[in-house]
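A short worksheet on the structure shown next.
Letters A, B, ... mirror the listed sequences (proteins, then strands); counts begin at 1. Computed over heavy atoms, backbone and side chain alike; hydrogens, waters and symmetry mates excluded.
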Protein chains: 2
Amino acid sequence: MLEGRWKLDIMFQLFGGHVRRFSDLERAIPAVSQKMLSQQLRQMERDGIVRRIVHPQVPPRVDYELTDWGQSLCPALDALLGWVAARPEAQASETKEPG
Amino acid sequence: MLEGRWKLDIMFQLFGGHVRRFSDLERAIPAVSQKMLSQQLRQMERDGIVRRIVHPQVPPRVDYELTDWGQSLCPALDALLGWVAARPEAQASETKEPG
DNA sequence: CTGTATCCATCATGATACTG
DNA sequence: CAGTATCATGATGGATACAG
């Protein structure tokens, strides 16, 4: 229950202390729907991974950023990415190069 | 497409160079169905994470073990586990203690 | 024992419309 | 802009039966 295909995309947008508005994330992750973006952000907020900052103004503005704990996922994620990059098949065809 | 709730459970059974039979894994992961166990093992084999060893005998016997690449996931997974264990809420209530 | 095939229930997600 | 509500759909996984 409660999956999350988009959480990783969201985190990548937020890593490095970046602050992004809802519409920023929408544009940066074109394949995600408003519903999913909103839902995953709420879950991540509940899980203490992202912080939601509402600016009381009109039109409304909401910023999202990683919490310290969320930021601290970076090394583990890098380790994972390194593992993926080190897979045996990577020797032969990691990128599709012309020719 | 092609999710995997059980791959982690399978890997934990196989880490440390352990060799397990299909029925071993079934018993070790009670909540998994034959269908899922078989399917996830096939995917992991295709992905180069596990090696499938068929013993030509009757009754049939099939062993599974991690490939070197599969084993090499261990450090990254530990990093992830460490991150989970380090979450802020862990301070207050990591386990449900009576009273 | 070690699977595969089939049917079925559930859930995650997308599309769309609507709101403040 | 930043969402929420609702409906429709396909993926995902469980149960069961069957097979070598």
Side-chain angles (χ1 to χ4, degrees), chain A residues 1-15 17-67 70 73 77 80 84, chain B residues 1-15 17-67 70 80 84:
Chain A
M1 57 289 271
L2 296 183
E3 284 299 304
R5 298 167 37 186
W6 306 104
K7 296 201 175 75
L8 230 22
D9 300 78
I10 294 171
M11 297 210 67
F12 282 132
Q13 292 300 320
L14 264 25
F15 271 136
H18 295 316
V19 177
R20 304 287 188 219
R21 303 181 50 167
F22 188 87
S23 49
D24 289 333
L25 295 172
E26 264 191 296
R27 259 178 291 104
I29 313 171
V32 75
S33 63
Q34 280 192 327
K35 176 183 177 179
M36 280 302 104
L37 183 55
S38 174
Q39 174 182 303
Q40 311 267 312
L41 282 168
R42 298 296 182 155
Q43 289 177 17
M44 293 169 80
E45 186 191 8
R46 215 188 42 205
D47 292 342
I49 294 173
V50 308
R51 183 159 27 239
R52 185 165 176 270
I53 302 151
V54 181
H55 301 274
Q57 65 186 45
V58 43
R61 175 195 175 122
V62 182
D63 287 336
Y64 291 94
E65 62 182 11
L66 290 180
T67 61
L73 217 206
L77 229 41
L80 228 32
V84 171
Chain B
M1 58 291 270
L2 297 182
E3 283 299 305
R5 298 167 39 185
W6 305 105
K7 296 201 173 78
L8 231 22
D9 300 78
I10 294 172
M11 297 210 65
F12 282 133
Q13 293 300 319
L14 263 24
F15 271 136
H18 295 317
V19 178
R20 305 286 189 219
R21 303 181 52 168
F22 188 87
S23 50
D24 289 334
L25 295 171
E26 263 191 296
R27 261 179 288 103
I29 314 173
V32 76
S33 62
Q34 279 191 329
K35 175 183 176 180
M36 282 300 103
L37 183 54
S38 175
Q39 174 183 303
Q40 311 268 308
L41 282 168
R42 298 294 181 157
Q43 290 178 17
M44 292 169 80
E45 185 192 8
R46 216 188 40 204
D47 291 343
I49 294 172
V50 308
R51 181 159 27 238
R52 185 165 176 269
I53 302 150
V54 180
H55 300 273
Q57 65 185 45
V58 43
R61 175 196 176 123
V62 182
D63 286 335
Y64 292 94
E65 63 182 9
L66 290 181
T67 61
L80 228 33
V84 171

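Nucleotide dG13(D) holds its C1' atom 9 Å from the CH2 atom of W6(B), rounded to whole Å. When the C1' atom of dG3(D) is taken as reference, atom CD1 of I53(A) falls 17 Å away, rounded to whole Å. For the pair D24(A) CG and dG3(D) P, the computed distance is 12 Å after rounding to whole Å. For L37(A) and dC1(D), the CG to C1' distance is 13 Å, given to the nearest whole Å. Between the C1' atom of dG3(D) and the CZ atom of R52(A) lies a distance of 8 Å, rounded to the nearest Å. In this entry the distance linking CD1 of I10(B) with P of dG13(D) reads 11 Å, nearest Å. In this structure, Q39(B) places its CD atom 13 Å from P of dA11(D), rounding to the nearest Å. To the nearest angstrom, C1' of dT16(D) lies 14 Å from CE of M36(B).
Close to dG3(D), at under 4.0 Å from its OP1 or OP2, lies no side-chain N or O of R21(A). Distances shown here put a side-chain N or O of S38(A) below 4.0 Å from the OP1 or OP2 atom of dT4(D).
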Which atom pairs, donor and acceptor, lie under 3.5 Å between side-chain atoms of residues 23-33 of chain B and protein residues at least two apart or in another chain?
| from | atom 1 | to | atom 2 | distance (Å) |
| --- | --- | --- | --- | --- |
| D24(B) | OD1 | R27(B) | NH2 | 3.1 |
| D24(B) | OD2 | R21(B) | N | 2.9 |
| S33(B) | OG | M36(B) | N | 3.3 |

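Between L66(A) and I49(A) there is a side-chain heavy-atom pair separated by less than 4.5 Å. Contact of the E45(A) side chain with the R42(A) side chain is registered, since non-hydrogen atoms from C-beta on lie closer than 4.5 Å.
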Where do N or O atoms of nucleotides 8-10 of chain C meet protein N or O atoms at under 3.5 Å, pair by pair?
none

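When all heavy atoms of Q43(A) and K7(A) are compared, the pair lying nearest together is OE1-NZ, 2.8 Å. When every heavy atom of R52(B) is checked against every heavy atom of Y64(B), the shortest pair comes out as NE-OH, 3.2 Å. Closest of all the heavy-atom pairs between T67(B) and R51(B) is CA-NH2, 3.8 Å. Taking each heavy atom of D9(A) and R5(A) in turn, the nearest pair found is OD1-O, 3.3 Å.
Taking CD of Q40(A) as the reference point, atom CG of D47(A) lies at 10.5 Å (rounded to 0.5 Å).
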Review point. How does protein reach along nucleotides 15-20 of chain C, written 5' to 3' as B (base within reach of a heavy atom under 4.0 Å), S (only sugar-phosphate), or - (no contact)?
Key: B----B

Practice item. Go through the steps to decide whether L80(A) and V84(A) satisfy the test side-chain contact (heavy atoms from CB on, under 4.5 Å), and finish with yes or no. Key: CA-CA 6 Å; L80(A) 228 32; V84(A) 171; 5.7 Å; no

